[in-house]
2 protein chains.
Amino acid sequence: MSNAFVRRLEGVERLSKIERQAIVEITKSVQKAGARRPILGEGQRSVGAHVILSGLACRYRILEDGSRQITDFLVPGDLCECEHIVGADSGYSIATLSPCSYTHIDHPSLAALTEKYPRIGRALWSLTLINEGVLREWLANVGRRPAVRRVAYLMSELCFRLQNAETLRPSSCALPLTQIDLADATALSSVHINRVLGRLREKRLVSLQRRSIIVKDTEGLMSFAEFSGNYIQRSHGG
Amino acid sequence: MSNAFVRRLEGVERLSKIERQAIVEITKSVQKAGARRPILGEGQRSVGAHVILSGLACRYRILEDGSRQITDFLVPGDLCECEHIVGADSGYSIATLSPCSYTHIDHPSLAALTEKYPRIGRALWSLTLINEGVLREWLANVGRRPAVRRVAYLMSELCFRLQNAETLRPSSCALPLTQIDLADATALSSVHINRVLGRLREKRLVSLQRRSIIVKDTEGLMSFAEFSGNYIQRSHGG
DNA sequence: CGCGGTATTGACACTATTCAACATCAGTGG
DNA sequence: CCACTGATGTTGAATAGTGTCAATACCGCG
């Protein structure tokens, strides 16, 4: 009777049983996709939004010169492409990184939902604002931090958000990312990512597997990266 | 009977006379500040949001190593610090770049407004989503574009947004930025900004004045930067 | 078994940074 | 009205940090 999206919304706004129910209702037609599949393919235009219910996905764009910039990681509970609901189209694509389940919410349903339950509308706005905060963090990260710290910071954030979404807090965390993915998210070359990861491995913070990176010591990585999750999760006032 | 904020909201949502009136009402206590003054000083915490009504401001953060990252330019009609209204606090500061007039909206007033007029709530969400798009653009810009294009792109965007806010479309546009500001926004050093601007001046795209940069040929600059404003302004469907 | 994407390593090139010296200008107080 | 001051702009030289290229290794998958 609850899912990742409900839990996420409850993290920013207290919901009544009826509101919870309405959200469960709107997200009940679940789709599944394997790793590295498009959810919103390049060139495609969505007519609504998607909610990630399990797994890890990302939003990205291919630039003029062919390089790819990943701009968001999407963890369970994340809503994406709201801009379509609101009428814009910014030309980004969504793809899974690990196997995902997700649901599609069409324009009219969401409009009706927020009309009927303004508190849900408010919660959605909150999620968008938090996401804005994450984007600013990425901007500062890519703009100003040297490679090693930059990579550590990004991985810290991703661990933090994944663990939050699963309401777990293990000291180790597997990230289903290739080194190329990490390069496209941090705006470094994959060659350099490889060297950076070597250094983090020497510090015993991560270990490497083919097609995935294992953070051995999330606490250690976060403190090395000087990461704090304040901007992502509120202390939960109500 | 109209101001920059009303015009901005009307750009994303059709408003009734009563809704317009309500917005004018909530933004009527105007404050003014000269150039380079804090609106929300470092370390200060806001209890609401600010709306820029005229002039140019920016949002920024000082990182661990003392460097400054500007994450947003705020043009007339822009709303900022909504995250406070919604309960978060991301630790950024706001300062004017040119003389500004602005207004403060406190938490309860905005809550009441969006409760009473859901369409206004929806319009505010739209603004936030557009802003998210702008941030993704900045991320791609800082992450992947070489210095000259990067600077050109940023200036293009700023011209575009300023001209939109003023509903003017002159071919020349004065940006009240020092080279240091530009460096902090593009994540380059001010020394390098200086050299880059030299090149753009050779191309007759910009001219330099002390403490401000004049874009001589906005069309030319935008096409050089391969800039398109699609992600900022909708074609205006309803 | 071979193919294609990924990972690893070295050599080298290049962009942008840092440092330093100096120039310019607006504002300030004498 | 002038000299002083501090922030900004300008230029050159040396350097650091990443990117690029290329060769090789690895491994899951068809």
Side-chain angles (χ1 to χ4, degrees), chain A residues 34-37 58 63 65-70 95-99 141-155 174-202 206-214, chain B residues 34-37 63 65-70 95-99 140-155 174-202 206-214:
Chain A
R36 298 175 182 274
R37 304 277 157 201
C58 70
L63 301 199
D65 67 343
S67 63
R68 179 176 72 149
Q69 178 70 52
I70 294 178
T96 66
L97 292 167
S98 70
N141 198 39
V142 164
R144 290 300 185 195
R145 283 197 260 260
V148 182
R149 184 101 66 84
R150 192 191 300 185
V151 171
Y153 195 97
L154 192 85
M155 292 194 303
L175 307 179
L177 300 175
T178 65
Q179 297 184 12
I180 295 170
D181 296 329
L182 209 46
D184 290 343
T186 53
L188 294 163
S189 69
S190 69
V191 172
H192 204 60
I193 285 286
N194 183 272
R195 302 197 230 260
V196 163
L197 286 177
R199 289 213 250 162
L200 292 176
R201 203 182 31 152
E202 281 168 18
V206 309
S207 77
L208 305 184
Q209 281 191 7
R210 193 169 181 75
R211 297 181 136 266
S212 81
I213 293 154
I214 303 188
Chain B
R36 295 171 185 275
R37 303 278 158 202
L63 301 198
D65 68 343
S67 64
R68 180 176 71 149
Q69 178 69 52
I70 294 178
T96 65
L97 291 167
S98 70
N141 198 40
V142 164
R144 290 299 184 194
R145 284 199 260 261
V148 181
R149 184 100 66 84
R150 187 145 129 202
V151 170
Y153 194 96
L154 192 86
M155 291 195 303
L175 307 178
L177 301 174
T178 66
Q179 297 183 12
I180 296 170
D181 296 327
L182 209 47
D184 291 342
T186 53
L188 293 164
S189 69
S190 70
V191 171
H192 204 59
I193 285 286
N194 182 274
R195 303 196 230 260
V196 163
L197 286 177
R199 290 213 250 161
L200 292 175
R201 203 183 30 152
E202 281 169 17
V206 308
S207 76
L208 305 183
Q209 281 191 9
R210 194 171 182 75
R211 297 182 136 264
S212 82
I213 293 154
I214 302 188

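Since we're looking at a predicted model, the values are computed, not measured. Reminder, nothing fancy here: chain letters follow the sequence lines and each chain counts from 1. All values below were derived from every heavy atom in this structure, side-chain atoms included, with hydrogens, water molecules and symmetry-related copies excluded.
Distance from the side chain of A:Arg210 is smallest to C:dG5 among C:dG5, D:dT10, C:dT6. Side-chain proximity of A:Val191 to the nucleotides C:dA16, D:dA22, D:dT11 is greatest for D:dA22.
In this structure, CZ of A:Arg199 is placed 14 Å from P of C:dT9, rounded to the nearest angstrom. The CD-C1' distance, from A:Gln179 to D:dC26, rounds to 12 Å in whole Å. One can place CZ of B:Arg150 at 9 Å from C1' of C:dA16, the figure rounded to the nearest angstrom. For the pair B:His192 NE2 and D:dT18 P, the computed distance is 15 Å after rounding to whole Å. Separating the CZ atom of A:Arg211 from the C1' atom of C:dT6 is a distance of 7 Å, rounded to the nearest angstrom. Taking atom CD1 of residue B:Ile180 and atom P of nucleotide D:dT10, one finds them 11 Å apart after rounding to whole Å. Between B:Leu188 atom CG and D:dG17 atom P there is a gap of 17 Å when expressed in whole angstrom units. Put simply, CZ on B:Arg68 is 9 Å from P on D:dT8, counting in whole angstrom units.
Considering only side-chain N and O atoms, A:Asn194 lies under 4.0 angstrom from the phosphate OP1 or OP2 of C:dT8.
In this structure, A:Ser189 reaches the bases: a heavy-atom distance under 4.0 Å links it to at least one base atom across the strands shown. Here B:Ala183 lies out of heavy-atom contact (under 4.0 Å) with every strand.
In summary, of the residues considered (B:Arg195, B:His192, B:Arg199), a side chain to side chain contact (heavy atoms under 4.5 Å, CB included) with B:Val148 occurs for B:Arg199 alone.
Side-chain contact check for A:Asp184 versus B:Arg144: some heavy-atom pair is nearer than 4.5 Å.
Heavy-atom neighbours of B:Arg201 CZ from other residues, nucleotides or ligands within 6.0 Å: at or below the threshold of 12.
Residue whose closest nucleotide on DNA chain C sits further toward the 5' end, between A:Arg195 and A:Gln209: A:Gln209. For the pair B:Arg36 and B:Arg201, both in contact range of DNA chain D, the more 5′-proximal nearest nucleotide belongs to B:Arg36.
Judged by distance alone, with hydrogens and angles left aside, the side-chain atoms of B:Thr178 form a donor-acceptor pair with the main-chain N or O of B:Asp181 at under 3.5 Å. A donor-acceptor pair under 3.5 Å links the side-chain atoms of B:Arg150 to the main chain of B:Arg145, judged by distance alone.
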